[in-house]
Amino acid sequence: MTTVYIPDPVESLMPFATERAAAEAAGAELLLGDEHNPTIRDAEVILTTWIRFPPEEIRKLERCRLIVRYGIGVDTIDLDAATECGIVVANAPNHCVAEVADHSAALILSALRCVPWLNEQVRAGNWRAAQRAEKRMPRLSSQTLGLIGLGKIGRQVLKRMAPFGFRIMGYDPYLSAEAIRALGVEPATFEQLLREADTVSLHVPLMPTTRHLINAEALALMKPTATLINTSRGGVVDEAALIQALQEDRLLGAALDVLQQEPPAADNPLLSFDPLRVILTPHAAASSDEVLGDLHAEVTTAFRALLAGQLPPSVMNPTVRPKQPLRPYGG
Ligand code: NAD
């Protein structure tokens with residue numbers, strides 16, 4: 001019998017009723033366990049949230065045909081090794097796009113309107129003093145917003161922010177200038193965007209080519225009055241370089257949902273900045289009441305496709321040659 005295995009069943013996703021029903025309907029069994037359970041090597045299908053799959057772990061998965069991640073980002077799984085081993089890697093591509101875009105918009109607005117700081121000041125009895133923060137609050141329509149990555153989330157952020165009247169620049173090396181212009185965005189080079197944007201918002205996957213995309217060099221190009229927003233992955237930003245730029249007042253602020261180490265160490269300097277400079281949320285951009293149902297549905301769709309002899313709808317390593325031939329999704 002085919003085994004669908006969840007090595008890291010997280011509490012909020014229990015009891016995996018959708019997955020169990022789909023597995024049983026396809027004549028497979030669903031097993032839950034921890035990462036040390038030996039069945040991980042026997043599973044044809046692995047559904048995972050947080051376990052890391054470096055090349056050496058992937059090469060041990062002799063029976064595995066599919067790994068599906070409960071999420072959009074698949075940076076926990078080495079895609080090259082999976083491809084080399086004929087293992088298809090899929091994700092849940094759409095379940096939290098709206099939430100992450102909403103959260104990115106909330107961070108952009110919170111930073112520009114100083115909401116967390118003003119809230120703190122009122123509670124501390126500083127009502128009048130806090131009213132004199134005009135200089136920190138530019139009119140939004142006088143500002144330039146730079147979006148790095150114009151995929152599903154970047155485009156939804158664009159849709160949410162456009163009505164405020166920002167000048168919006170975009171950088172995405174996988175889209176032509178015409179395609180970017182067609183979205184209503186001013187196409188820019190990476191350097192141009194960093195130089196001109198007052199707010200830079202990151203919407204790229206974490207991959208070898210985007211690790212530390214925002215490094216000391218990139219930060220040096222940004223205006224000292226600019227703010228960096230990150231809801232993508234902590235590894236996209238060189239956190240030490242960011243902290244240094246903030247400490248040396250070469251960058252005004254940052255609003256971050258994701259960090260290099262989550263949760264952060266108690267002595268992470270980002271925690272000691274005033275909320276006028278740094279706003280932090282606990283990798284919560286994807287959260288909403290509705291998101292979990294959609295997450296179960298998308299992961300289930302992915303493995304049900306494979307059990308029916310098809311590729312999942314969202315394959316993250318499209319050059320893979322599956323161990324057994326698979327028809328296109330829906331074919
Ligand atoms: P997507 O694949 O639809 O879009 C990513 C875009 O980034 C693509 O258009 C791609 O061309 C572009 N890109 C790739 N490399 C780039 C580079 N070097 N510079 C600029 N653009 C580049 O993905 P998405 O659905 O928009 O999600 C983006 C990321 O958001 C995910 O990979 C994930 O890491 C992150 N995310 C975070 C949370 C959270 O809870 N904070 C939740 C979901 C997703």
Check against side-chain hydrogen bond (donor to acceptor under 3.5 Å, both in side chains), Ser104 and Thr231: CA-CA 6 Å; Ser104 306; Thr231 58; 3.0 Å; yes
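Using a cutoff of 4.0 Å between basic side-chain nitrogens and carboxylate oxygens, Arg63 and Glu44 are scored as salt-bridged. The residues Arg277 and Asp249 are annotated as salt-bridged, a charged nitrogen and a carboxylate oxygen being separated by less than 4.0 angstrom. Ion pair Arg167/Glu196 flagged as a salt bridge, since at least one NZ, NE, NH1 or NH2 atom sits closer than 4.0 Å to an Asp/Glu carboxylate oxygen.
Put simply, the side chain of Glu19 does not reach to within 4.5 Å of the side chain of Arg304, judged on heavy atoms. Contact annotation: the side chain of Leu256 approaches that of Leu242 to within less than 4.5 Å [non-hydrogen atoms, C-beta and beyond]. At least one side-chain heavy atom of Leu79 sits less than 4.5 Å from a side-chain heavy atom of Val74. Put simply, the side chain of Thr3 does not reach to within 4.5 Å of the side chain of Asp42, judged on heavy atoms. With contacts defined as side-chain heavy-atom distances shorter than 4.5 Å, the pair Leu61/Ile67 qualifies. Side-chain contact between Glu239 and Asn268: present, with at least one pair of heavy atoms (C-beta onward) separated by less than 4.5 Å. Annotation: side chain of Asp102 is in contact with side chain of Arg160 (closest heavy-atom distance under 4.5 Å). You'll find the side chain of His203 stays beyond 4.5 Å of the side chain of Ser232, heavy atoms only.
A donor-acceptor pair under 3.5 Å is formed between the side chain of Asp8 and the backbone N or O of Ile51. A donor-acceptor contact shorter than 3.5 Å is absent between the side chain of Arg233 and the backbone of Leu206. Without hydrogens or angle criteria, Asp257 side chain to Ala284 main chain gives a donor-acceptor distance under 3.5 Å. Using modelled atom types, no side-chain atom of Arg65 and backbone atom of Gly86 make a donor-acceptor pair closer than 3.5 Å. Not a single donor-acceptor pair under 3.5 Å links the side chain of His296 to the backbone N or O of Gly293. In this structure, the side chain of Asp78 engages the main chain of Ala81 through a donor-acceptor pair within 3.5 Å.
No donor-acceptor contact under 3.5 angstrom links the side chains of Thr83 and Thr319, judged on distance only.
Other members of the hydrophobic cluster containing Leu109, listed by chain and number, are Ile72, Val97, Val100, Leu107, Ile108, Leu112, Leu140, Leu145, Leu147, Leu150, Ile153, Val157, Leu158, Met161, Phe164, Phe166, Ile168, Leu175, Ile180, Leu183, Val185, Ile229, Ile279; membership follows side-chain contacts under 4.5 Å among ILVMFWY residues, whether direct or relayed.
Contacts of Glu84 classified as side-chain hydrogen bond (donor to acceptor under 3.5 Å, both in side chains), with partners at least two apart in sequence or in another chain: Arg59.
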